[in-house]
Amino acid sequence: MSYLVLSAQKTLEAAIRKAAEDAAAAGELPGLPTGAFLLEVPADRANGDLASNAAMAWARELRMPPRKIAEALLRHLQLEGSYAARCETAGAGFLNFTFKNEYYADILLDIAEKGAAYGRSDYGQGKRVNVEFVSANPTGPIHMGNARGGALGDCLAAVLEAAGFAVSREFYVNDAGNQIEKFAHSLDVRYRQIFLGEQAVPLPEDCYQGEDIRELAREFADLHGDAYLQKEDASRREALVSYALPKNINAMRGYMDTYRIQYDTWFRESALYESGEVSEILALLKEKGLSYEKDGALWYKATEHGCEKDEVLVRGNGVPTYFAADIAYHRNKLARGFDKLINVWGADHHGHVARMKGVLDALGLDGTNRLHIVLMQMVRLTRNGEVVRMSKRTGKAITLADLLEEIPIDAVRFLFNLREPGTQMEFDLDLAVEQTAQNPVYYCQYAHARICSIFRKLQAEGVLPRACSRRELCLLEAPEERELIRMLAALTDEIVCAAERYDPARITRFCMELAAQFHKFYNACRVSCGDEPLMQARLTLCGHVRDTLANLLKMYKITAPESM
């Protein structure tokens, strides 16, 4: 939370403890309580600005009814020097505090002083965090699961940055191993089919069946004709992959740019083999007694480190598995000096979590505390209430490219962050393009545009906003004004909570709630009124809401239009 809010709470906490000390000295409490208690925002604002459960928390320790403890505390409570105007007891023994007007005024002054930095904090203390997300297989188009992962990972990285972490975004390019062999085989078959026919060279079921493979093979054939037809399989396949893989990787980079995602690092799996890091990790596992040979393959002793079954590291044909490369990759990231690794994975990778953490622990790399996995559920696309699986343009499974052609990027990035990562979500294609209050991103953008229109209209009437004094800001006493200020005061805490829980959806929800609260204020409080100081105070409040919405949308790389 902001320094001002935290300071207000600490002052009241000290006042409650002093009241307990004085009540004990006066013989109204049987002793001096020492236990912890809470100061929280009550669910019902009629109960004040903050409520404390100190009396209930101390009831067992003092062996006294909470209500009597609360009454004793209230008799000795000194509120001088705090923001509290009054305190009352309620219910079983709550202490309910109501703040002075100055508290709300000072929140607005604090926001004005911090400007665009408001809401940001040093919670992360500059610790280095690597966020790896999307990491789509470069052998084909980016699918819908990775589309959600892109928005989620990028916005999570933004939240961590706002919370004071030093963040690096990373894309892991799986350009080695079985999938590349399969890619090469698929391209090879499609290339030979062009000249020999599909009956002469049938495509095995375990090859990639997509139209994109045909297109790449055709492009290669247009460049080289049948020159590679008589070459050895290995040579022909190497040439095909050397042509097709860079094209796919460049396409992925292009789609990520379009999606407004800029990575700090594109890390290639093949680099782990070229540098010898995969061989190093296999040797290290052997040296530490963490692997064994069986049936011609090399196995990791996963069952000795919390997993249900052991895992193959090197197959019987001598080819390392994806798991072996993944261990080397995570060791590489930690060696680069990151304090924490965060991977955004599909929920189908849940079985991989324990073995990755376990092997890093076994290697002395503290996977339990340094590796964090955000498991993301898949997305169901719907239109007119029906599940949509095929692109209208291509008739094939919908990809990120299809989605970005049909839906505004603002809507895609916002809506994919509307639910916690671990929850199933439906993406309503009709709703995403609606320009109504039912569309969450439009609703937030409209609130921003409405505030901008207020300023434009007043400017046309010759009214310009000016800085307000504390006394003028104290005029904001309406419930709708107070609630808006309370929401603004909660921003720092919301960002920290989103970073702690790896849940960027907290920020989209905050934007929606702030927009909703602004609309309530707009309908209840006339900004352009006959009272000039009050009008300026309301303009100050409007300006802070406008800037907060704009800053949060910008943080998620979503536009904040000034007119709609």
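The chain is numbered in sequence order, starting from 1. Please read all numbers here as calculations on a predicted model, not as lab measurements.
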Are more than 12 heavy atoms from other residues, nucleotides or ligands located less than 6.0 Å from atom [atom1] of [X]?
{"X": "Arg419", "atom1": "CZ", "answer": "no"}
{"X": "Glu500", "atom1": "CD", "answer": "yes"}
{"X": "Tyr273", "atom1": "OH", "answer": "yes"}

Could you tell me whether the side chain of [X] and the main chain of [Y] form a donor-acceptor pair under 3.5 Å?
{"X": "Asn343", "Y": "Trp345", "result": "no"}
{"X": "Gln179", "Y": "Asn174", "result": "yes"}
{"X": "Asp175", "Y": "Ser270", "result": "yes"}
{"X": "Asp326", "Y": "Tyr322", "result": "no"}
{"X": "Thr423", "Y": "Glu420", "result": "yes"}
{"X": "Arg268", "Y": "Tyr172", "result": "no"}

Hey, which of Val496, Leu160, Asp493, Ile495 is the one that makes side chain to side chain contact (heavy atoms under 4.5 Å, CB included) with Tyr123?
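Result: among Val496, Leu160, Asp493, Ile495, Val496 is the only option passing the side chain to side chain contact (heavy atoms under 4.5 Å, CB included) with Tyr123.
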As a quick check of understanding, evaluate side-chain contact (heavy atoms from CB on, under 4.5 Å) for Glu304 and Asp310, giving each step before the final call.
CA-CA 8 Å; Glu304 294 183 7; Asp310 290 346; over 6 Å; no
Side-chain heavy-atom pair Ile180, Thr139 within 4.5 angstrom cut-off
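Of all side-chain heavy-atom pairs linking Thr139 with Ile180, at least one is under 4.5 Å.
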Using the six-membered ring wherever Trp is involved, compare the ring planes of His352 and Phe323 and label them parallel, tilted or perpendicular (cut-offs 30° and 60°).
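If you compare the ring of His352 with that of Phe323, the planes turn out perpendicular.
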Heavy-atom pair of closest approach, residues [X] and [Y]:
{"X": "Asp410", "Y": "Lys557", "value": "OD1-O, 4.2 Å"}
{"X": "Ala432", "Y": "Ile407", "value": "CB-CG2, 3.6 Å"}
{"X": "Thr508", "Y": "Asn417", "value": "OG1-O, 2.6 Å"}
{"X": "Pro138", "Y": "Met252", "value": "CB-CE, 3.7 Å"}
{"X": "Ala166", "Y": "Gly126", "value": "CB-O, 3.7 Å"}
{"X": "Gln438", "Y": "Leu431", "value": "O-CD1, 3.2 Å"}

Exercise: do [X] and [Y] side chains pair donor with acceptor under 3.5 Å:
{"X": "Asn130", "Y": "Ser168", "value": "no"}
{"X": "His185", "Y": "Asp188", "value": "no"}
{"X": "Asn439", "Y": "Thr436", "value": "no"}

May I ask you to establish whether Arg169 and Tyr263 are in a cation-pi arrangement, using a distance under 6.0 Å from NZ or CZ to the six-membered ring centre and at most 45° from the ring axis?
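No.
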Between Tyr292 and Lys301, is there a cation-pi geometry (under 6.0 Å to ring centre, at most 45° from the normal)?
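No.
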Checking Val134 against Tyr259 for the side-chain contact (heavy atoms from CB on, under 4.5 Å) test, could you report, in this order, the C-alpha distance in whole Å, the side-chain angles of both residues, the deciding distance, and whether it holds?
CA-CA 12 Å; Val134 180; Tyr259 206 11; over 6 Å; no
Point-to-point distance, once rounded to the nearest 0.5 Å, from OG of Ser235 to CD of Gln230
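One gets 12.5 Å once the value is rounded to the nearest 0.5 Å.
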Take Gln262 and Asp257 through the test side-chain contact (heavy atoms from CB on, under 4.5 Å) and record every step on the way to the result.
CA-CA 6 Å; Gln262 282 77 47; Asp257 285 343; 4.0 Å; yes
Verdict with supporting geometry, His330 and Leu365, side-chain contact (heavy atoms from CB on, under 4.5 Å):
CA-CA 10 Å; His330 284 80; Leu365 298 173; over 6 Å; no
Could you list the donor-acceptor pairs under 3.5 angstrom formed between side-chain atoms of residues 212-228 and any protein atom two or more places apart in sequence or on another chain?
unit_1: Arg214; atom_1: NH1; unit_2: Glu198; atom_2: OE2; d: 3.0
unit_1: Arg214; atom_1: NH2; unit_2: Glu198; atom_2: OE2; d: 3.2
unit_1: Glu219; atom_1: OE1; unit_2: Tyr243; atom_2: OH; d: 2.8

